[in-house]
A.B. asks: 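First the structure, which I've put down as structure tokens, then a few questions once you've had a look.
Both counts, for ligands and for their atoms, begin at 1 and track the order of listing. Side chains are part of it too, since the values below use all heavy atoms of this structure and drop only hydrogens, waters and symmetry mates.
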Amino acid sequence: MKKILVIGAFGQVGSELVPALRKKYGKDNVVAAWHSKEPDEAAKSAGPTEKVDATKKESIEAVLAQYNIDTIYHLASILSAAGEKNPQLAYFVNNACLYNVLEVAHERRIERVMVPSSIAVFGPDTPRDNTPNETILKPSTMYGISKVHGELLANYYFNKFGVDVRGVRFPGIISNVALPGGGTTDYAVDIFYHAVKHKPYTCFLSPESTLPMMYMPDALKAIIQLAEADVSNLKHHADYNLAAFSFSPAELAATIQEELPDFTIDYKPDFRQAIADSWPRSIDDACARREWGWKPDYTLKAMVKDMIDVLSKKL
Ligand code: SER
């Protein structure tokens with residue numbers, strides 16, 4: 001029987017991953033952990049909810065013992081742009097939390113740990129087109145450094161202690177439930193909230209800044225599929241490249257204009273431009289396809305259509 005703890009359960013990914021896991025494994029078998037902002041009563045009544053401070057090992061341990069947890073999804077992290085505003089905090093939070101999760105997983109013989117990595121592991125020296133799985137990992141952000149560290153730790157805990165840690169390098173994720181926070185790819189969500197409200201949008205990246213992106217249903221499919229893959233087929237651990245589509249702000253705006261012709265955009269690049277310029281334009285995800293059968297469902301056009309449909313109803 002799976003008993004799952006999701007740390008960072010109310011962030012952009014957690015807000016949709018928790019309901020997906022509860023649907024699959026039963027509502028009482030998925031514990032949603034929050035930290036800085038207490039969820040409201042409606043969120044709490046959807047299933048078990050606990051406060052966990054993952055920078056403190058004993059805080060994680062208490063919940064593992066209380067619920068007899070055998071699987072951890074560790075999603076809590078300070079993303080690229082927020083991390084450049086406070087690199088000291090990003091260093092501490094991202095590295096300390098992951099270390100604590102891996103330590104408790106080792107000590108309590110947790111069956112599986114899922115930890116997302118990111119395209120932020122790549123840097124200015126990495127080949128930018130069709131970036132291979134095995135390549136130069138010299139990121140220029142604190143977030144990227146913590147993700148490279150996380151990938152190396154995952155390999156270490158697997159080889160040294162047999163902890164089954166798995167993860168993908170997520171591209172920018174586009175979603176319509178919870179907003180992302182503090183990322184360089186956040187514009188690709190924000191733009192839709194402006195477009196469906198018939199407001200113009202000012203983008204913080206230049207029109208030609210192409211980045212790899214993915215729609216949330218594909219991101220959820222990837223995490224769950226990798227979590228369930230047969231370990232004997234996996235030659236990697238927490239460092240799988242993952243791709244769906246790539247686009248620039250200008251291409252996204254043009255695709256939105258096909259649905260909403262009155263939408264307008266202008267560009268005022270800020271400090272996030274340098275982060276975007278250090279990341280790949282497109283990703284080679286052959287390892288994920290070969291080792292656990294990864295294949296995305298959504299194209300750029302299908303994603304844009306669905307985002308506009310869902311947000312038009314919601315807003
Ligand atoms: N979406 C993330 C960011 O922009 C990349 O993992 O920081």
Side-chain angles (χ1 to χ4, degrees), residues 8 11-17 73-87 89-91 93-95 97-98 114-124 126 128 131 133 135 137-151 154 167-192 203-206 209-216 218-220 222-223 226 238-249 252 269-283 285 288 296 303 307:
Q12 187 196 12
V13 175
S15 297
E16 296 190 55
L17 180 64
Y73 285 71
H74 174 52
L75 307 177
S77 189
I78 295 181
L79 295 185
S80 59
E84 289 317 287
K85 287 196 170 152
N86 193 344
L89 186 71
Y91 177 87
V93 169
N94 294 353
N95 295 323
C97 294
L98 179 63
M114 300 302 293
V115 187
S117 188
S118 163
I119 53 165
V121 294
F122 303 120
T126 308
R128 292 190 70 196
T131 304
N133 219 98
T135 187
L137 303 182
K138 287 165 80 178
S140 53
T141 62
M142 190 56 94
Y143 175 61
I145 291 169
S146 70
K147 287 299 183 189
V148 173
H149 175 239
E151 290 185 357
V168 294
R169 291 171 177 156
F170 275 126
I173 298 176
I174 297 144
S175 65
N176 49 49
V177 175
L179 289 169
T184 301
T185 57
D186 294 6
Y187 89 86
V189 178
D190 211 19
I191 192 171
F192 285 99
C203 183
F204 57 75
L205 297 182
S206 68
S209 307
T210 299
L211 289 169
M213 301 275 184
M214 176 173 287
Y215 197 28
M216 184 65 93
D218 276 332
L220 300 180
I223 313 184
L226 177 58
D239 56 355
Y240 281 99
N241 274 8
L242 201 67
F245 41 70
S246 289
F247 57 73
S248 65
L252 178 59
D270 65 13
F271 74 100
R272 289 168 279 195
Q273 185 65 47
I275 302 176
D277 289 343
S278 76
W279 288 352
R281 284 181 284 256
S282 61
I283 299 285
D285 61 2
M303 175 278 286
M307 279 295 283

A.B. asks: If the condition is side chain to side chain contact (heavy atoms under 4.5 Å, CB included), which residues does Val148 pass it with, not counting sequence neighbours?
C.D. replies: Val121, Leu137, Pro139, Leu152

A.B. asks: Test side chain to side chain donor-acceptor pair (under 3.5 Å) on Glu84 and Thr141; report intermediate values, then the result.
C.D. replies: CA-CA 7 Å; Glu84 289 317 287; Thr141 62; 4.7 Å; no

A.B. asks: Do you know the tightest heavy-atom contact between Val177 and Ser15?
C.D. replies: CG1-CB, 4.2 Å

A.B. asks: Quick one: list whatever passes ring-ring contact (aromatic ring centres under 6.0 Å, His included) with Tyr240, sequence neighbours left out.
C.D. replies: His236, Trp292

A.B. asks: So Asn86 and Tyr91, side chain to side chain donor-acceptor pair (under 3.5 Å) or not? Walk me through it.
C.D. replies: CA-CA 9 Å; Asn86 193 344; Tyr91 177 87; over 6 Å; no

A.B. asks: Could I get the full list of side chain to side chain donor-acceptor pair (under 3.5 Å) partners for Asp277, not counting sequence neighbours?
C.D. replies: Gln273

A.B. asks: Between ligand 1 and the protein, give all atom pairs where both partners are nitrogen or oxygen and the distance is under 3.5 Å, as lines of names plus distance to 0.1 Å.
C.D. replies:
unit_1	atom_1	unit_2	atom_2	d
ligand 1	1 (N)	Thr185	OG1	2.8
ligand 1	4 (O)	Ser80	OG	3.4
ligand 1	4 (O)	Thr184	N	2.6
ligand 1	4 (O)	Thr185	N	3.1
ligand 1	4 (O)	Thr185	OG1	3.4
ligand 1	6 (O)	Ser118	OG	2.6
ligand 1	6 (O)	Tyr143	OH	3.4
ligand 1	7 (O)	Ser80	N	3.2
ligand 1	7 (O)	Ser80	OG	2.6

